Peer 1: 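I have a structure I would like to understand better, so I am pasting it below and will then ask my questions one at a time.
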Amino acid sequence: MKRVVVGMSGGVDSSVAAFLLKQEGYEVIGLFMKNWDDASVTLTSNCTWEDDLLFAEMVCKKIDIPLHTVDLSDQYRERVVNYMFAEYQRGRTPNPDVLCNREIKFDLFIDEALKLGADYVATGHYCRKETNVINNKPVHRLLAGKDPNKDQSYFLCQLSQAQISRALFPVGELLKPEVRKIADEQGLATATRKDSQGICFVGKVDLPTFLQQKLRAKEGDIIEIPENYYENIKASDDLKENTKAYQYKREDGKVLARHRGAHFYTIGQRKGLNIGGTGKPMYVIAIDVDENIVYVGRGDNHPGLYRKGLFINAIEVHWVREDLRLGINKSKEYLVRVRYRQPLQKAKLFAKSEGVYIIFEKPQRGIAPGQFAAWYENTELFGSGVIN
RNA sequence: GACUCAGUAGCUCAGCUGGUAGAGCACAUCCCUUUUAAGGAUGGGGUCCAGGGUUCGAGCCCCUGCUGGGUCA
């Protein structure tokens with residue numbers, strides 16, 4: 001009998017995952033991770049992990065599996081939270097949950113599971129895995145969850161073959177309502193529990209407030225870049241031209257207002273600028289942390305909000321399908337998304353020695369450095385990388 | 001100094017020939033969402049610069065003053 005350790009979060013998805021595995025005949029062990037216990041920064045209820053643990057216990061008892069707990073909060077802080085601070089400080093927009101999966105759930109957690117004698121680990125992610133043998137070698141394929149509304153493959157875009165080889169995703173074949181139904185039928189305490197939101201383990205936080213734990217508020221100018229700024233920029237086929245962020249200078253626009261620290265903002269952001277009287281909403285189109293300037297554009301269609309492409313440094317390019325890695329100077333069409341739940345966009349990848357250039361068929365809005373671009377073929381996730 | 005235009009929600013402004021005010025933006029809350037955002041819905045707010053007058057009734061008319069912009073000397 002194969003032994004599976006399931007990451008029990010205290011939510012419905014992992015509850016049902018555990019139940020399904022048990023039903024399939026696995027020997028199932030629950031493992032609860034405590035990764036964060038600082039309730040002072042959360043916006044919603046406090047001490048969420050205690051509630052989560054309680055629910056995990058109830059569910060495990062119900063389906064009759066043991067539950068272990070492990071405290072990974074030191075490592076979580078080191079590998080996820082500190083990374084967040086560091087990225088924001090650089091004026092970038094990190095994705096802590098992608099890191100959390102790569103560094104915690106599918107790294108340290110797997111280690112803990114192996115200590116418990118696990119053959120596999122499972123989570124409640126809406127995502128599918130398929131293992132094929134190609135050239136006499138097993139190749140693990142990461143596929144989108146069946147529920148198009150809940151597909152969470154994006155969050156797993158940084159996983160390696162070794163990590164995926166250990167993983168099982170029992171709810172990936174189900175739709176969310178089906179998961180709820182199973183939970184309900186089985187009388188699991190989590191059946192109607194609200195989906196978690198916000199940063200995994202940390203919860204919903206007000207980012208500027210959260211960041212102020214480590215990053216100082218520092219007043220600076222908000223500068224508006226007029227639409228005609230772009231009139232002189234001629235269209236080009238050059239990969240570098242089309243994939244680099246606009247580099248504005250103070251003289252390119254007019255000071256509109258003040259902000260409380262450029263590193264608290266992200267590209268595409270509308271709320272929190274506190275600029276009224278503009279008729280149209282203002283959006284952040286660039287931030288310069290060295291000069292401490294936030295550049296904004298007026299209106300939904302401001303050219304500065306859109307970019308044709310993006311670039312990923314070679315060392316930050318990750319192929320889930322190592323076997324299908326694009327060779328240097330090769331190019332290929334994929335479907336790409338730059339944020340969770342974004343509809344996949346047609347794009348072409350160009351592999352160069354310095355990294356990967358992605359050119360979209362249609363210009364994309366709010367591409368933020370620090371976020372992950374993930375490329376797919378049909379429903380399969382092929383690779384990902386940090387947007388430069 | 002003269003002339004002239006303006007002074008209405010936090011901001012930018014609308015308000016027809018007088019009947020106690022509106023829109024966009026901002027903001028707040030909620031929804032959506034295991035990242036940041038975006039998006040959707042709802043909402044809070046106004047001695048209509050001040051004082052006086054005309055009128056049954058004034059943001060709108062008249063007078064005076066104050067403040068700001070412009071033009072001319």
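Chain naming here is simple, since letters A, B, ... match the order of the sequence lines and numbering starts at 1 in each. The structure displayed is predicted, hence computed values, not measured ones.
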Peer 1: What nucleotide among B:U34, B:C25, B:C27 has an atom nearest to a side-chain atom of A:N101?
Peer 2: B:U34
Peer 1: Measure NZ/A:K280 against P/B:U12 and give the value in whole Å, please.
Peer 2: 19 Å
Peer 1: Please determine if A:K352 forms a cation-pi arrangement with A:F350, meaning its NZ or CZ atom is less than 6.0 Å from the six-membered ring centre and no more than 45° off the ring axis.
Peer 2: no
Peer 1: Paired with B:A41 by Watson-Crick or G-U wobble geometry, both distances under 3.5 Å: which nucleotide is it?
Peer 2: B:U29
Peer 1: Expressed in whole Å, how much space separates the P atoms belonging to B:G18 and B:C56?
Peer 2: 15 Å
Peer 1: Expressed as a whole number of Å, how far does the P atom of B:A37 sit from that of B:C30?
Peer 2: 15 Å
Peer 1: Provide, to the nearest angstrom, the distance between the CZ atom belonging to A:R92 and the P atom belonging to B:A37.
Peer 2: 17 Å
Peer 1: Rounding to the closest angstrom, what is the interatomic distance between B:C5 and B:U47 at atom P?
Peer 2: 28 Å
Peer 1: With heavy atoms under 4.0 Å as the rule, sort A:G366 into base, sugar-phosphate or nothing.
Peer 2: nothing
Peer 1: Mind checking A:R339 for me? I need base, sugar-phosphate or nothing, with any heavy atom below 4.0 Å counting as a touch.
Peer 2: base
Peer 1: In whole Å, what separates the P atom of B:A6 from that of B:G10?
Peer 2: 22 Å
Peer 1: For nucleotides B:U17 and B:U71, find the distance between their C1' atoms and express it as a whole number of Å.
Peer 2: 31 Å
Peer 1: Provide the Watson-Crick or G-U wobble partner of B:C60, both distances under 3.5 Å; none if there is no partner.
Peer 2: none
Peer 1: Is it the case that the side chains of A:H302 and A:Y229 hold a donor-acceptor pair, with the cut-off being a distance below 3.5 Å and no angle test?
Peer 2: no
Peer 1: Base, sugar-phosphate alone, or nothing: which one does A:K105 contact when heavy atoms must sit under 4.0 Å apart?
Peer 2: base
Peer 1: Hunt down the Watson-Crick or G-U wobble partner of B:G68, both distances under 3.5 Å, from any strand shown, or write none.
Peer 2: B:C5
Peer 1: From B:G39, B:U36, B:U34, pick the nucleotide closest to the side chain of A:K150?
Peer 2: B:U34
Peer 1: Between B:C27, B:C32, B:U35, which one does the side chain of A:D97 approach most closely?
Peer 2: B:U35
Peer 1: Would you kindly give the CZ-to-P distance between A:F264 and B:U35, to the nearest whole Å?
Peer 2: 21 Å
Peer 1: Between B:C3 and B:G43, how far apart are the P atoms? Round to whole Å, please.
Peer 2: 49 Å
Peer 1: Return the minimal non-hydrogen interatomic distance between A:A167 and A:K129, and the atom names on each side.
Peer 2: O-NZ, 2.8 Å
Peer 1: Please work out if A:G272 contacts a base, only the sugar-phosphate, or nothing of the nucleic acid, heavy-atom cut-off 4.0 Å.
Peer 2: sugar-phosphate
Peer 1: When you get a sec, tell me which of B:G39, B:U34, B:A26 is the closest nucleotide to the side chain of A:Y283?
Peer 2: B:G39
Peer 1: About how many Å separate NZ of A:K146 and CG of A:D151, when rounded to the nearest 0.5 Å?
Peer 2: 13.5 Å
Peer 1: Of A:L156 and A:G268, whose nearest nucleotide on RNA chain B comes first from the 5' end?
Peer 2: A:L156
Peer 1: From the list B:U35, B:U36, B:U34, which nucleotide is the closest neighbour of the side chain of A:Y88?
Peer 2: B:U36
Peer 1: Heavy atoms under 4.0 Å, any strand shown: does A:F372 hit a base, just sugar-phosphate, or nothing?
Peer 2: nothing
Peer 1: How close or far is atom C1' of B:G40 from atom CZ of A:R270, stated in whole angstroms?
Peer 2: 11 Å
Peer 1: Can you tell me the distance, in whole Å, between the CG atom of A:D300 and the P atom of B:A37?
Peer 2: 18 Å
Peer 1: Looking only at side-chain atoms of A:H125, point me to the closest of B:U35, B:C25, B:U34.
Peer 2: B:U34
Peer 1: Indicate, with a heavy-atom threshold strictly under 4.0 Å, whether A:Q371 touches base, sugar-phosphate, or nothing.
Peer 2: base
Peer 1: Under 4.0 angstrom, heavy atoms only, what part of the nucleic acid is A:L273 near: base, sugar-phosphate, or nothing?
Peer 2: sugar-phosphate
Peer 1: Return the nearest nucleotide to the side chain of A:R365; candidates are B:C27, B:A38, B:U35.
Peer 2: B:A38
Peer 1: For A:R102 and A:Q158, which I'm curious about, is there any donor-acceptor pair between the side chains at under 3.5 Å?
Peer 2: yes
Peer 1: Using whole Å, report how far CG of A:L256 lies from C1' of B:A26.
Peer 2: 13 Å
Peer 1: Are the charged groups of A:K181 and A:E178 less than 4.0 angstrom apart, N to O?
Peer 2: no
Peer 1: Which residues satisfy the ring pair (Phe, Tyr, Trp, His ring centres under 6.0 Å) test with A:Y76, sequence neighbours excluded?
Peer 2: A:F201
Peer 1: Please report the distance separating the C1' of B:A23 from the corresponding atom of B:U34, rounded so that it comes out in whole Å.
Peer 2: 38 Å
Peer 1: Roughly how far, to the nearest 0.5 Å, is CD of A:E224 from NZ of A:K254?
Peer 2: 6.5 Å
Peer 1: Distance check, P atoms only: B:U64 and B:C72, in whole angstrom units.
Peer 2: 25 Å
Peer 1: Just the rounded figure in Å: distance from P of B:A37 to CD of A:Q342.
Peer 2: 16 Å
Peer 1: Take the protein atom CZ of A:R298 and the nucleotide atom P of B:C11, then report the distance between them rounded to whole Å.
Peer 2: 16 Å
